[in-house]
Trainee: 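Okay, here's the structure, questions in a sec.
It should be emphasised that the depicted structure is a prediction, and the values quoted were computed from it without experimental measurement.
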Amino acid sequence: MAETVTFPSNGNSASGYLATPDGDSGPGVIVVQEWWGLGPGIKEMADRLASAGFVALVPDLFHGELAGHDEVDKAAAMMQALPMDRVARDMSGAVDFLVGDPRVTGPAIGAIGFCMGGGLAMTLGATRPDVVKAVVTFYGIPSNDADIDWAGMTAVVRGHMGGADDFYGPEAVRAVEKKLQDLGKDVQFTVHPGAGHAFMGPHNAFGTLDEELSAKIWPGVTTFLHEQLD
């Protein structure tokens, strides 16, 4: 089941797409979108999580603005104009919504993100260490990791990156991984040889969708989240 929900965001309000499992309860997971906005591709990923037993919430970080999957320039401009202070408030408000939702089992919350959303999911792990205990990032790392206070992060972080990614290449990915490991954080990134950016994206906007790799990775992702959150 899926619905649009609203929640407080530091004195204002935000909304999001909430997908719930057939049993109507499960661990809570924040799903952080790519630069297209809250479109069908990210909703499908939330639906997949719901099918795996999670209560999945995608906060609408663009507040209704959308770019088509053939509008790369528009999507890039949307991302560049995104007010990051509002993004932080909206993501934190989404976390609080899940914590207070009776359908969510357990106090621990997970975060999973794709591209831009992967970096933001990691950032959420750093800013909400009180409840965010598991993070999965797909082909995305924080663009401003030097400005993030990672000291208090307690989340276990796993990442799946493309070996042929033109946006977040293996060298940059490994540098962030090493930095966090050197801080004592449980962070492991898997770089998949030959995989391009957005290899999990059902929209296939860049012609890089790898359905075989996606099918191989996904069961391990849901198992990891259940292990950390159940």
Trainee: Check whether any side-chain N or O of Arg86 sits under 3.5 Å from a backbone N or O of Leu61 as a donor-acceptor pair, and report yes or no.
Mentor: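 Yes, because the side chain of Arg86 sits within donor-acceptor range (under 3.5 Å) of the backbone of Leu61.
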
Trainee: Can you check whether Ala88's main-chain N or O pairs, donor with acceptor, with Ser92's side chain at less than 3.5 Å?
Mentor: no

Trainee: Please tell me whether Val131 and Phe7 are part of a single hydrophobic cluster in this structure, the criterion being side-chain heavy atoms less than 4.5 Å apart.
Mentor: yes

Trainee: With Met91 as reference, evaluate Asp96, Leu120, Ile30 under the side-chain contact (heavy atoms from CB on, under 4.5 Å) test and give the passing residue.
Mentor: Leu120

Trainee: Going hydrophobic residue to hydrophobic residue with side-chain gaps under 4.5 angstrom, can you get from Val132 over to Met122?
Mentor: yes

Trainee: Check whether Thr222 reaches the backbone of Pro219 with its side chain - one donor and one acceptor, N or O, closer than 3.5 Å.
Mentor: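 Present.
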
Trainee: Above 12 or not: heavy atoms from other molecules or residues under 6.0 Å from CD of Glu3?
Mentor: yes

Trainee: Taking Ala134's backbone N and O only, do any of them form a donor-acceptor pair with Gln228's side chain (distance below 3.5 Å, no angle check)?
Mentor: no

Trainee: Tell me if the centroids of the rings in Phe167 and Phe206 come within less than 6.0 Å of each other.
Mentor: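 Yes, the ring of Phe167 comes within the 6.0 Å limit of the ring of Phe206, centre to centre.
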
Trainee: Search all heavy atoms of Trp36 against all heavy atoms of Ala75 and return the closest pair with its distance.
Mentor: CE3-CB, 3.7 Å

Trainee: Evaluate whether atom CD of Glu211 has more than 12 neighbouring non-hydrogen atoms of other residues, nucleotides or ligands under 6.0 angstrom away.
Mentor: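 Counting other residues, nucleotides and ligands, CD of Glu211 stays at 12 neighbours or fewer.
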
Trainee: Of the non-hydrogen atoms in Ile109 and Val104, which two are nearest, and what is the gap between them?
Mentor: CD1-CG1, 4.1 Å

Trainee: Please answer whether the main-chain N or O of Gly37 pairs with a side-chain N or O of Glu65 as donor and acceptor at a distance below 3.5 Å.
Mentor: no

Trainee: Would you check if Tyr17 and Asp47 make a side-chain contact, meaning some heavy-atom pair closer than 4.5 Å?
Mentor: yes

Trainee: Any heavy-atom pair between the side chains of Val221 and Met200 that's under 4.5 Å?
Mentor: no

Trainee: Side chains of Thr223 and Trp218, heavy atoms from C-beta outward: is any pair under 4.5 Å?
Mentor: no

Trainee: Would you confirm whether Ser9, through its side chain, and Asn12, through its main-chain N or O, come within 3.5 Å as a donor-acceptor pair?
Mentor: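 No; judged by distance alone, with no hydrogens or angles, the pair does not exist.
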
Trainee: Taking NZ in Lys216 as the centre, count heavy atoms belonging to other residues, nucleotides or ligands within less than 6.0 Å. Is the count above 12?
Mentor: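 No, not enclosed.
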
Trainee: One pair to check against side chain to side chain contact (heavy atoms under 4.5 Å, CB included): Val5 and Asp101. What are the steps and the verdict?
Mentor: CA-CA 11 Å; Val5 297; Asp101 192 311; over 6 Å; no

Trainee: Rounded to the nearest 0.5 Å, how far apart are OG1 of Thr123 and CG of Asp147?
Mentor: 10.0 Å

Trainee: Using a strict threshold of under 4.0 Å (side-chain N to carboxylate O), is an ion pair present between Arg158 and Glu227?
Mentor: no

Trainee: Determine whether Met161 and Ile141 make a side-chain contact, defined as any pair of heavy atoms from C-beta on separated by less than 4.5 Å.
Mentor: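 In short, these two side chains touch, coming nearer than 4.5 Å.
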
Trainee: Is the number of heavy atoms from other residues, nucleotides or ligands under 6.0 Å of Asp24 CG greater than 12?
Mentor: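 Atom CG in Asp24 is crowded, with more than 12 foreign heavy atoms closer than 6.0 Å.
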
Trainee: Find the distance between CE (Met78) and CE (Met116) and round it off to the nearest 0.5 Å.
Mentor: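 Going from the CE atom of Met78 to the CE atom of Met116 covers 8.0 Å.
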
Trainee: Compare every heavy atom of Gln33 with every heavy atom of Pro59, then report the nearest pair and how far apart it is.
Mentor: O-OE1, 2.9 Å

Trainee: Evaluate Tyr139 against Val191 for side chain to side chain contact (heavy atoms under 4.5 Å, CB included), listing each step before the verdict.
Mentor: CA-CA 9 Å; Tyr139 35 84; Val191 176; over 6 Å; no

Trainee: Does any N or O in the side chain of Lys185 come within less than 3.5 Å of the main-chain N or O of Ala151, such that one atom is a donor and the other an acceptor?
Mentor: yes

Trainee: Between Phe97 and Val31, is there a shared hydrophobic cluster once you connect ILVMFWY residues whose side-chain heavy atoms come closer than 4.5 Å?
Mentor: no

Trainee: Check for me whether the distance between the ring centres of Phe114 and Phe138 falls short of 6.0 Å.
Mentor: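 Yes, ring centres under 6.0 Å apart.
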
Trainee: Hey, does Ile217 have a side-chain heavy atom less than 4.5 Å from the side chain of His192?
Mentor: yes

Trainee: Measure from the side-chain N and O atoms of Trp35 to the backbone N and O of Ala67, and report whether any donor-acceptor pair falls under 3.5 Å.
Mentor: no

Trainee: Is there side-chain contact between Phe199 and Glu212, with heavy atoms separated by less than 4.5 Å?
Mentor: no

Trainee: Distance check, rounded to the nearest 0.5 Å: Leu38 atom CG versus His63 atom NE2?
Mentor: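 Going from the CG atom of Leu38 to the NE2 atom of His63 covers 11.0 Å.
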
Trainee: Do the side chains of His203 and Pro40 get nearer than 4.5 Å, heavy atoms only?
Mentor: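 Side-chain contact under 4.5 Å: no.
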
Trainee: Show the nearest heavy-atom pair for residues Val58 and Ala46, with the distance to one decimal.
Mentor: CG2-CB, 3.7 Å

Trainee: What do you reckon, is CG of Asp85 surrounded by more than 12 foreign heavy atoms closer than 6.0 Å?
Mentor: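 Buried by this count: over 12 neighbours within 6.0 Å.
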
Trainee: For the residue pair Val135 and Ala155, what are the closest heavy atoms and their distance?
Mentor: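 Closest pair (atom of Val135, atom of Ala155, distance): CG2-CB, 4.0 Å.
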
Trainee: Any non-hydrogen side-chain atom of Asp230 less than 4.5 Å from a side-chain atom of Pro27?
Mentor: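 A side-chain contact exists here, since the closest heavy-atom pair is under 4.5 Å.
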
Trainee: Looking only at non-hydrogen atoms, find the nearest pair between Pro21 and Val55 and report the distance.
Mentor: CD-CG2, 3.9 Å

Trainee: Give a yes or no on whether a salt bridge exists between Glu44 and Arg48, defined as a side-chain N under 4.0 angstrom from a carboxylate O.
Mentor: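 Here Glu44 pairs with Arg48 in a salt bridge, since their nearest N and O are under 4.0 Å apart.
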
Trainee: Taking the side chain from Thr208 and the backbone from His197, do they hold a donor-acceptor pair closer than 3.5 Å?
Mentor: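 Yes, because the side chain of Thr208 sits within donor-acceptor range (under 3.5 Å) of the backbone of His197.
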
Trainee: Please check if Phe224 and Met153 belong to a single hydrophobic cluster, counting links between Ile, Leu, Val, Met, Phe, Trp and Tyr side chain heavy atoms closer than 4.5 Å.
Mentor: no

Trainee: Any ion pair linking Lys178 and Asp182 (charged N to carboxylate O, less than 4.0 Å)?
Mentor: yes

Trainee: Apply the test side chain to side chain contact (heavy atoms under 4.5 Å, CB included) to residues Leu225 and Leu49: give CA-CA distance (whole Å), side-chain angles for both, the deciding distance (0.1 Å), then the verdict.
Mentor: CA-CA 10 Å; Leu225 289 171; Leu49 284 165; 4.1 Å; yes

Trainee: Given the rule that I, L, V, M, F, W and Y join up when any side-chain heavy atoms are under 4.5 Å apart, are Leu180 and Val156 in one cluster?
Mentor: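 Shared cluster, no.
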
Trainee: Take Phe189 and Val157 through the test side chain to side chain contact (heavy atoms under 4.5 Å, CB included) and record every step on the way to the result.
Mentor: CA-CA 8 Å; Phe189 294 156; Val157 181; 4.2 Å; yes

